[in-house]
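Taking it in order: structure first as structure tokens, then the write-up.
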Amino acid sequence: MKKLSLILALICVLVMSVPFSAFAEGKDYVVDNADIIYDESEEQLEMKYKALSEAIGMDVVVVTTNTLDGKTPEAYADDYYDYNGYADDGCLFLVSMEDRDWHVSTKGYAITCITDYGIEVIESECVENLSNGNYTIAFNKFANIVEQFYNEAKTNKPFDTNNKYTNEYGETVGTKATGENLKGVAISLIVMLIIAFVVIAGVKKSYKPVQFNRSAGNYLVDGSLKVNQSYEHFLYSNVTKTAKSDSSSGGSSTHTSSSGSTHGGGGGKF
């Protein structure tokens, strides 16, 4: 009996010595509530995101949903991160199938790592895959981007407008005109040229040059025109040159969530 009591006491001591966090480590890093990821891929993503989160000390999370429960994508992403036990530093990639919204919420050091420019990179690298239904590819790319952005911020400075990110093909990503944007610019230029041509043609048609009438008399009275013979000499000019500053300051835009926490991020449609 004494041995049993001793064993029970020992078990109690061991249980009490284990940190509470070990029991609270039940958070998921890939939450597929919309059921858009194959089970096998979801397990692989969960392991990848958990390992990445532990390696960089920031929680990196993916959440999919069929409804935003009346919230904006920004509010839903912020609240999910804030109220589900995630770390003070981290980011969440939300995909909502309700109206095909995506949003990235950043918090703590993730705000420094993933700037507004970083959101552009995520959009450029991931959103097309979301549109095509390649969700696993999109989420794998997101994890890779977060890791690269974190490492760059730690070892150098954050990827931003003055430190561009280069993708796996050696292409600079973000803040550049895409094919769609170039197409829009080209169309705008063509429309402007057509309008200019129409306006010039109309003005030219209505223009009537003044004809010299030789039959008219000489209207200039002799001695009425006198020219002042004084001259002003242009000696020199004083030009002040000011260095042009970059209007794009970079960094991250922030806002306050319902929990009172500061978040960055951004999103759109897919």
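All values reported here derive from a predicted model rather than from experimental measurement. Atom set for the values below is all heavy atoms of this structure, side chains included, hydrogens, waters and symmetry mates excluded.
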Do the charged groups of K27 and D59 touch, with an N to O distance under 4.0 Å?
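Looking at K27 and D59, the cut-off is met.
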
Less than 4.0 Å between a side-chain N and a carboxylate O, is that true for D99 and K269?
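No, no charged N to carboxylate O under 4.0 Å.
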
[atom1] of [X] to [atom2] of [Y]: how many Å apart, nearest 0.5 Å?
| X | Y | atom1 | atom2 | answer |
| --- | --- | --- | --- | --- |
| D32 | E46 | CG | CD | 11.0 Å |
| S124 | I122 | OG | CD1 | 11.0 Å |
| K164 | Y117 | NZ | OH | 5.5 Å |
| I56 | Y109 | CD1 | OH | 10.0 Å |

For residues [X] and [Y], report the shortest heavy-atom separation together with the two atoms involved.
| X | Y | result |
| --- | --- | --- |
| Q148 | F159 | O-CE1, 3.7 Å |
| K107 | A87 | CD-O, 4.5 Å |
| P158 | N163 | O-ND2, 3.4 Å |
| D116 | S252 | OD1-CA, 3.6 Å |
| L68 | T65 | CD2-CG2, 4.1 Å |
| D79 | N84 | O-ND2, 4.4 Å |

I137 and F270: same hydrophobic cluster, using ILVMFWY side-chain contacts below 4.5 Å?
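No.
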
Answer with yes or no whether the hydrophobic clustering places I119 together with V173; edges join I, L, V, M, F, W, Y residues whose side-chain heavy atoms lie under 4.5 Å apart.
yes

Side chains of [Y] and [X]: any donor to acceptor distance under 3.5 Å?
| X | Y | result |
| --- | --- | --- |
| E98 | N66 | no |
| Y135 | T64 | no |
| D82 | H263 | yes |
| S105 | D78 | yes |
| N134 | K141 | no |

Show, in sequence, the C-alpha distance, side-chain angles and deciding distance for F139 and I37, and conclude whether the side-chain contact (heavy atoms from CB on, under 4.5 Å) test is met.
CA-CA 10 Å; F139 297 145; I37 310 173; 3.6 Å; yes

Does any part of the side chain of N167, heavy atoms only, come nearer than 4.5 Å to the side chain of E125, both counted from C-beta?
yes

Under the side-chain contact (heavy atoms from CB on, under 4.5 Å) criterion, do S258 and Y83 qualify, and how do the steps go?
CA-CA 10 Å; S258 65; Y83 296 116; 3.3 Å; yes

